[in-house]
Protein chains: 4
Amino acid sequence: MKSDGKMKILEAARAIIIEHGIQGATIRGIAQQAGVSTGAIYHYYDSKEAILYDVMDEGLSEIKRIATISLEDKKRFQEIIQEIFDGMQERFKKDAENRLQFYLAHEAMLGNEELKHKFKEKYQDWINRLEAIFVQAYDAKSGPLTRAVATWTMAAIDGMVLQILLHTDTVELKHINQVLEFLLSEGFSHFFKVIHEVPDK
Amino acid sequence: MKSDGKMKILEAARAIIIEHGIQGATIRGIAQQAGVSTGAIYHYYDSKEAILYDVMDEGLSEIKRIATISLEDKKRFQEIIQEIFDGMQERFKKDAENRLQFYLAHEAMLGNEELKHKFKEKYQDWINRLEAIFVQAYDAKSGPLTRAVATWTMAAIDGMVLQILLHTDTVELKHINQVLEFLLSEGFSHFFKVIHEVPDK
Amino acid sequence: MKSDGKMKILEAARAIIIEHGIQGATIRGIAQQAGVSTGAIYHYYDSKEAILYDVMDEGLSEIKRIATISLEDKKRFQEIIQEIFDGMQERFKKDAENRLQFYLAHEAMLGNEELKHKFKEKYQDWINRLEAIFVQAYDAKSGPLTRAVATWTMAAIDGMVLQILLHTDTVELKHINQVLEFLLSEGFSHFFKVIHEVPDK
Amino acid sequence: MKSDGKMKILEAARAIIIEHGIQGATIRGIAQQAGVSTGAIYHYYDSKEAILYDVMDEGLSEIKRIATISLEDKKRFQEIIQEIFDGMQERFKKDAENRLQFYLAHEAMLGNEELKHKFKEKYQDWINRLEAIFVQAYDAKSGPLTRAVATWTMAAIDGMVLQILLHTDTVELKHINQVLEFLLSEGFSHFFKVIHEVPDK
DNA sequence: GATGAATGAGGATTCATTCAT
DNA sequence: AATGAATGAATCCTCATTCAT
């Protein structure tokens, strides 16, 4: 449970980061946005880095991604596919959250080891879930290859989010979705069927 | 054709970024590494950002090279595939350039209009080339769907680069590559064959 | 009401300018003279220019003071005249502030819109006050002509300040003042008497 | 006689100063405008300051101001007045020249002793001429007071030019001119008549 | 708990001038 | 005569962090 003060600071930091990026998130700015003094920040957090870590911790926990799909009740193939598809569509639309995640990922890759570790955990988790979904949906045998497919899928989503944030506009969303639909309904099926026949190199 | 001075600076910047990260890449540091004065830097580049952009641009133009080679002479399918595969492997290794891509994308998202425009152009270009390769390799008919596939492919590569930079280590590279290989040698073939039979919605 | 910190900085800036000129007034120098760190300066002022503007503003608000005093209680003509005269003499002596006025005017002309706006307001204010004094002292009827006289008077003072700063030494101060005295005690009286009889063209 | 190279540089410097002010006039910029290399500048001039001096020398010589009025042929009072008036109107309109002169004056007052000296000479000259005109027009006796009046007049013009350059817009030009007209046709006459009766203090 | 003034090292950038070619 | 690459000290400004009140 976070204290009131911490929550105020976290929320402020989040808002600032979304608007001004990590570089633009200064202690002063966060303090101002939170309506407290700069000194007060240091009552709650030891350093700026600690704040970033907490922002990430909260931020990444919120992001359920496509992994919210319940696996408890056996659903029909078509239903699962549809849910995955809808989940991805939702993800593409969450501009603020995507920015935040992207900024944090960027900060992590700049050398912040703690953040990097946090991301690693999260990706492991996300990919685990995605793999589980694939296993169920496509009746595939869990293994390094299903995991690799999940990894590639996650990568494709991240990369697509990046292009959306950058407004690269290389092709209409309609066609992006057509390909996605094909992949989900046929591509993966084909892959998992074929791949099982191929011996591991 | 880059001047000697520019090359010296680019090489120095790349070296610094690999060793100290982007945050550690200061003008002073780059100048020192390049063995010139700080002022000299500004003889060749208008700003630090221009240098970073050039490092990225220079490094990632690999894609351009591959595209050019592949399309010059009619090669056999297997050869083209191999080149694409190798090109992607190369991309994964370009540590400094990949970091820069995310760093600069970050800047672009924060409102740097010039950068935003450059990224848009760059993605359009990359995806155009990728599409052209696909058209040749898979004997597909150029259209919004081939373009969408190229866009997804680009996205997947970017996303994979992100995971590599974050060291998410969700699965061994061997399996990542197995999936990639399947996609290139069979997946896309299958897709383009099937897709032509499906009418545009 | 200026804070202690601001006053310290303003005084330091004024001292530096008088001794080393505007070019010699660096942030480091001002900070040193004020006995604070360079960073502290930015706690009080947003930019170097803001400091310089404040030094000028503070110094030249003398005019404002005179105007206020004069109009508070009904004074005799001779007294008001004397105050205007003394006020002008004071203005001539404000070396740092006068230099700054020209320095900042220079900046304004080069396209600094904020500064341009400030100058416009300042001149409007000065001339309003001067006009009010004239109206009271010479019992003139407020209107475009009294305003025009105030404008010319302000112009003459500025121009004289310029010549003082340039040390043109075209004539002894004694005679400059004799003419000024005549203007104040007789010239303007004559003008306002005559002008009211002339119909507006 | 100035060499071709010098003339090119001077003209370039002049143009740059008018547009970007003295601070904006860099050796590089001047060289570029003149279409020569930065090094070439130093073939013709020893330093930047030397260029400024020359620009001023040319610039101030060109400015004939109201002093172009010929005193050779005895003109009628009304004619001379009209010429002075017209001369001032012309002066007000020469935006580029006024800027140049103002910028140079500013540079001089920043501590450049050579420029200051040059300005002193010029002001002495201008005021001498103005005084001579007054003596003739108003039939006054040359002396310190006529000189003081000329100095004040010059000051008023400079100050008015400043306000015009700053666009202070305190009053319509029409009324500015009405006051000026009164001064020329009646004010000065009155002054010179009265002043002769007053004994020098 | 809370404030906000103060620190000071470190950042990018500018520019008159020099000099080998 | 002419070039333009190179110099490097100096500029303004930023910001995480500290600490007396």
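Chain letters run A, B, ... following the sequence lines, proteins first and then strands; every chain starts at 1. Note that this is a predicted model, so its numbers are computed, not measured.
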Trainee: Could you go step by step and tell me if D:R99 and D:Y103 meet the side-chain hydrogen bond (donor to acceptor under 3.5 Å, both in side chains) rule?
Mentor: CA-CA 6 Å; D:R99 273 163 178 273; D:Y103 293 160; 2.8 Å; yes
Trainee: Could you state the NE2-C1' distance from D:H20 to E:dC15, rounded to the nearest angstrom?
Mentor: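 Result: 16 Å.
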Trainee: To the nearest Å, how far apart are D:Y45 OH and E:dT18 P?
Mentor: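 Checked: the OH to P distance equals 17 Å.
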Trainee: Between C:N98 (side chain) and C:K94 (backbone), is there a donor-acceptor pair under 3.5 Å?
Mentor: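 At least one qualifying donor-acceptor pair exists.
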Trainee: Once side-chain contact (heavy atoms from CB on, under 4.5 Å) is applied, do any residues pair with B:A15, and if so which ones, sequence neighbours excluded?
Mentor: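 So B:A15 forms a side-chain contact (heavy atoms from CB on, under 4.5 Å) with B:Q33.
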Trainee: Rounded to the nearest Å, what distance is computed from the NZ atom of residue C:K6 to the P atom of nucleotide E:dA5?
Mentor: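 It is 11 Å, rounded to the nearest whole Å.
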Trainee: Is a side-chain N or O of D:K48 found less than 3.5 angstrom from the main chain of D:A25, in a donor-acceptor match?
Mentor: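 Judged by distance alone, yes, a pair lies under 3.5 Å.
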Trainee: Could you tell me the separation between the CD1 atom of B:I22 and the C1' atom of E:dG11, rounded to a whole number of Å?
Mentor: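 Taking atom C1' of E:dG11 as the reference, CD1 of B:I22 is at 16 Å.
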Trainee: For each nucleotide in nucleotides 7-15 of chain F, reading 5' to 3', give B when a protein heavy atom comes within less than 4.0 Å of its base, S when such contact involves only the sugar-phosphate, and - otherwise.
Mentor: BBB-BSBBB
Trainee: Rounded to the nearest 0.5 Å, how far does CE of D:M7 lie from CD of D:E11?
Mentor: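 One gets 6.0 Å once the value is rounded to the nearest 0.5 Å.
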Trainee: Counting only Watson-Crick or G-U wobble pairs whose two distances fall under 3.5 Å, which nucleotide matches F:dA20?
Mentor: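 E:dT3 - that is the nucleotide pairing with F:dA20, both distances being under 3.5 Å.
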Trainee: Going by purine N1 to pyrimidine N3 plus the second Watson-Crick contact, or the G-U wobble pair, all under 3.5 Å, which nucleotide sits opposite E:dG11?
Mentor: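 Across any shown strand, E:dG11 pairs with F:dC12.
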Trainee: Can you see whether B:D54 engages B:Y44 through a side-chain donor-acceptor pair at a distance of less than 3.5 angstrom?
Mentor: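 There is no such pair between these side chains.
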Trainee: When the P atoms of E:dG1 and F:dT21 are considered, how many whole Å apart are they?
Mentor: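 Here E:dG1 and F:dT21 have their P atoms 23 Å from each other.
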Trainee: Look at the rings of B:F119 and B:Y53 and say which category their plane angle falls in: under 30° parallel, 30 to 60° tilted, over 60° perpendicular.
Mentor: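 The rings of B:F119 and B:Y53 stand perpendicular, inter-plane angle above 60°.
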Trainee: Rounded to whole angstrom units, what separation is found between the CD1 atom of D:I16 and the P atom of E:dC15?
Mentor: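 Computing the D:I16:CD1 to E:dC15:P distance gives 12 Å.
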Trainee: Need one value for D:Y44: base, sugar-phosphate or nothing, where a base atom within 4.0 Å counts as base even if backbone is also close, heavy atoms only.
Mentor: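 The answer is sugar-phosphate, as D:Y44 gets under 4.0 Å only of primed atoms, P, OP1 or OP2.
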Trainee: Round to a whole Å and report the spacing from CD of D:Q32 to P of E:dT14.
Mentor: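 That distance rounds to 14 Å.
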Trainee: Measure CG/A:L52 against C1'/F:dT17 and give the value in whole Å, please.
Mentor: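 Roughly 15 Å, once rounded to whole Å.
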